[in-house]
Structure formats: C-alpha cells, structure tokens
Amino acid sequence: MRILTFTSLFPNAVQPWHGIFVYQRVVHLARRPGNSVTVVAPVPYAPSWSPGSHWREMSRIPRREQFGGLEVFHPRYFLVPKISMLVHGLAMYLGSESLVRELHAKTKFDCIDAHYVYPDGFAAALLGRSLGIPVIVSARGTDISLFPTFRTIRPMIRWTLQNSAGSVGVSNALKDLMLELGAPADRAAAIGNGVDIEHFQPMARGDARRKLGIPEDSEIAVAVGNLVPVKGHQFLIPALAQLVARHPKIRLYIVGEGESRAALEAMARRVGVQDRVFFVGRKPNEELKYWYSAADVSCLASSREGWANVLLESLACGTPVVATRVWGTPEIISSPELGVLVDQTAESIAGGLQLAMQKQWDREYLARYAASRTWDVVAEEVENFLSARIRVEGRPVSQT
C-alpha cells in the first residue's frame, strides 16, 4: 500500500519524544513488504520571536525532514492558542491541503492513516473528501474520552467517524465510545499499541540502580508520565506518604516534565516526603528501560488513558505495575499476575503499592507477556485492517 499518515502527534528533530507511540506504529507499518509511508505532521505557525519556549520550539521544526527512515513534512497552519478549538480542524486542513494535493499527484495514495480524531482526523476526512482518498482514523484517548463532551466540536467528531472508511480505537473501551458516537460497527476495530522489545527488556535490578545512582537497598517506585493533572501524580505522592511508616526505605522517582512540577514539589514538602520523591525530568525513550528495571514497581495513576504505553514498557522490563482501572488499562493488566488495579485515590493507590511491594513477581512471565504484543504484531493488524477497508471502498491495493 501507499499510505499517507496524517497527524500532529509525530516526533521531529526538535521534539524527538513527541508522539513516539504513533511513530512506532507507522515505522513498523512502513517496514512491512510492499508498503510505503509518507508522513504529513502539521505544526501551528509560530514566528521565531514568539514568546514562550513551546512556541519557539515550534518555529524551529523543519518544513521537511527524514525521521527514522520516514519522509516527514511539517506544513504550517494558523492557530490562536486557547480560543481556536472550534476551527482547529479546518485550519489544519487549509494549511495542509496544497501540500497533500501535490504529494498525492506524485504518489497516488491508497489511503490516509490519520491519528487523533479531532482536529487531525477531521482535517484528514476533509482532505480525503477533497482528493477522493479513503481515510482511516485512529482514536488515541482524550480525542474520544474527553473532547466529545465539548458541545462545539462534538458534531465534527461525529461527522469524522461517520465519514471515514474505517475507525480504530487503541482499546476496546475507546472503540465502544466511537460506536456510541456514530462510527459504523462494520468499519471499526480495536488495535492496541505495542512495545519495542529491543529497547525494553529485563536487566538486573542492581545494575540498573548503579547506572542511575539509586541506593541498591531501597524500595523503589517509578512513575513515567508528564507532570499534568490527568496523570494523577497528585494522588501518588500522598499515597507514598501513607507507606513511609511501614516502608522506611521507600522512594518514588517521577520521570517527566510539565506544568504541575512546582505544585507537585510543594505537595511533597507539605506531606513530608520531599526527601523521598525525586523529580528527574524528561528522559530519552531509550533510557526509560533503566528506570523500569531499577524499580520494584511502576505506577500510573491517570484519570484517562487510551492505551498506556508505559504499562507494556514496564512489564517488558520485568517490572509489575500499579495502575488506575481506567479505559484501556484493564485490557493490558488483564491478570493479577501482571499488576494491581486501583482507584484514583491516595488510599487505594497506597494499598496497591503495599500489595505490589510484598508480592513475589515472576519477572520472566511479565516480560514474556509484554513481548507477545510487539510493534510488528500491531503493524500486521493495522495493515490487514487498512487493506480490508480500502478494498471495501472499491479501490485496488497498489502493487509496489
């Protein structure tokens, strides 16, 4: 197949961590025999003199680049921060249409593989209608679990799902929501994310701790995720405080950055665990294996997750998880032999951590379970679904 992937959730030279889960699915799809993939990843226009580090980063993203062996284009579109949600999808379409039309004239794409239902999927559906290309849209999480509650954009989300050749949820929970919003059942599928077992695999806990400079005799919990309210660190920190009396050597390492850092640091001081909670910042994807391997348990306290990659990454390193039972998480932690599901309260999380710290886990079993869901497996499922949807639309699949 000749595939155009359309999404703003894609890494680039300036933000190599951005949308790494989309990149993994796309690059493994591209590596399958006979496939070619071109990526269009739109970026809001930002002049180099823009205030704020985020917008200055945006201005430095190249218009065209090679990333991980894929050709990636970054067309610009106009966006007014915080007030443009209603026209975000339309703006993305208008900023990308001429480039996509030019690329399609050269390549004759079989389909558009769009990620994130709104605004990206809406823009892709407009492109598909304009150029006569079938669009398959993938829901990633907030785009379906939260955005449809906004009355202004809910109709555009419904229109996107109803006018796409196919819809993919990264979990059954998201797929069911897509069906409720009007996605035709015969065009919908659930295809979860995978894990890169070349990067994430077990290593000796002592070796990982020495590499990171972590005390080898401590009880370690690690939480990987942005420092934003939806990730639930504000519940995890007081949960840790409840365990100190019974676990005097317990420590929590939080890997990530975000707007809530100062508030979370203040919370750690307020509940008396400032010497046990360590904010280590954002780390490269390839370094995360050391943090998972160094930990006795990893924790994810989110209020929303489509399919949390950090869960499979932790399991692939042989480390059990404590996670809130939201959306796709119970589909990953499908057995008590893989981890502990909790509610998003400090008391429930503390109980889950206590149980996880006491239990003897089979690290080899955890790693084998995760290794059954590689990105190659995911790519095959995606290829089969895209191919089937293209054929139903009455278009022959390209022979490349």
Side-chain angles (χ1 to χ4, degrees), residues 5-9 19 21-22 24-26 85-86 88-89 92 111-126 128 134-194 225-226 228-232 300-312 323-334 341-344 373 378 381-382 384-386 388-389 392:
T5 291
F6 187 90
T7 180
S8 60
L9 290 173
F21 45 91
V22 176
Q24 289 285 9
R25 192 175 106 172
V26 171
M85 179 170 264
L86 180 61
H88 198 160
M92 191 178 283
C111 68
I112 299 177
D113 166 40
H115 296 256
Y116 217 64
V117 176
Y118 188 88
D120 311 52
F122 179 76
L126 291 175
V135 176
I136 292 86
V137 62
S138 290
R140 289 282 166 185
T142 302
D143 52 338
I144 287 296
S145 65
L146 177 63
F147 284 3
T149 65
F150 302 153
R151 287 184 299 170
T152 54
I153 63 172
R154 181 183 177 92
M156 288 180 280
I157 293 172
R158 290 177 58 88
W159 182 87
T160 300
L161 296 173
Q162 292 166 357
N163 287 274
S164 295
S167 302
V168 176
V170 293
S171 65
N172 280 300
L174 287 183
K175 175 193 167 187
D176 291 344
L177 260 185
M178 296 170 87
L179 296 179
E180 290 178 19
L181 287 163
D186 60 347
R187 301 185 211 164
I191 302 177
N193 289 340
N226 293 330
V228 293
V230 71
K231 292 299 182 181
L300 181 68
S302 299
S303 57
R304 293 191 305 271
E305 289 288 349
W307 180 283
N309 289 2
V310 297
L311 299 178
L312 278 182
T324 43
R325 51 171 67 84
V326 295
W327 299 102
T329 296
E331 297 174 37
I332 304 171
I333 310 304
S334 56
L341 293 174
V342 297
D343 298 324
Q344 200 191 43
R373 188 71 191 166
V378 174
E381 293 177 6
V382 171
N384 290 340
F385 184 73
L386 296 186
R389 294 312 311 155
V392 168

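What you see is a predicted model; the values in this text were computed from it and never measured.
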Step by step, work out the side chain to side chain contact (heavy atoms under 4.5 Å, CB included) result for L161 and E180.
CA-CA 10 Å; L161 296 173; E180 290 178 19; over 6 Å; no
My understanding is that only residues two or more places apart in sequence, or in another chain, count here; which of them pass side chain to side chain contact (heavy atoms under 4.5 Å, CB included) with [X]?
| X | answer |
| --- | --- |
| I332 | W307, L311, L312 |
| A123 | F6, M92, Y93 |
| L146 | T142, T149, F150, R304 |
| N384 | E380 |

What are the two closest non-hydrogen atoms of [X] and [Y], and how far apart are they?
| X | Y | result |
| --- | --- | --- |
| Y118 | M156 | OH-CE, 3.7 Å |
| A183 | L179 | O-CD2, 3.3 Å |
| C111 | I136 | CB-CD1, 4.0 Å |
| V170 | G306 | CG2-C, 3.8 Å |
| A189 | F385 | CB-CE1, 3.6 Å |
| A114 | G121 | CB-CA, 4.2 Å |

Who passes side-chain hydrogen bond (donor to acceptor under 3.5 Å, both in side chains) against S145, sequence neighbours left out?
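Testing S145 for side-chain hydrogen bond (donor to acceptor under 3.5 Å, both in side chains), a comparison that skips the adjacent residues, returns none.
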Using the test side-chain hydrogen bond (donor to acceptor under 3.5 Å, both in side chains), find all partners of R373 that sit at least two apart in sequence or belong to another chain.
E381
Please evaluate residues V378 and Q24 with respect to the criterion side chain to side chain contact (heavy atoms under 4.5 Å, CB included), reporting the C-alpha separation (whole Å), side-chain torsions for both, the decisive distance (0.1 Å), and the verdict.
CA-CA 10 Å; V378 174; Q24 289 285 9; over 6 Å; no
From [X] [atom1] over to [Y] [atom2], what is the distance, rounded to the nearest 0.5 angstrom?
| X | Y | atom1 | atom2 | result |
| --- | --- | --- | --- | --- |
| T324 | Q344 | OG1 | CD | 6.0 Å |
| D120 | I112 | CG | CD1 | 12.0 Å |
| H115 | D143 | NE2 | CG | 11.5 Å |
| E305 | L174 | CD | CG | 10.5 Å |
| I157 | I153 | CD1 | CD1 | 4.5 Å |

Partners meeting salt bridge (charged side-chain N to carboxylate O under 4.0 Å, His left out) with [X] (sequence neighbours left out):
| X | result |
| --- | --- |
| R25 | D113 |
| D176 | none |
| R154 | none |

Considering only residues two or more places apart or on different chains, which pairs with a residue in residues 155-169 satisfy side-chain hydrogen bond (donor to acceptor under 3.5 Å, both in side chains)?
R129-N163
Let's go through M85 and F147 carefully: what are the C-alpha distance in whole Å and the side-chain angles of both, what is the deciding distance for side chain to side chain contact (heavy atoms under 4.5 Å, CB included) to 0.1 Å, and is it a yes or a no?
CA-CA 10 Å; M85 179 170 264; F147 284 3; 3.9 Å; yes
ring-ring contact (aromatic ring centres under 6.0 Å, His included) partners of residues 160-185, not counting sequence neighbours, each pair once
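Residue pairs passing ring-ring contact (aromatic ring centres under 6.0 Å, His included), neighbours aside: none found.
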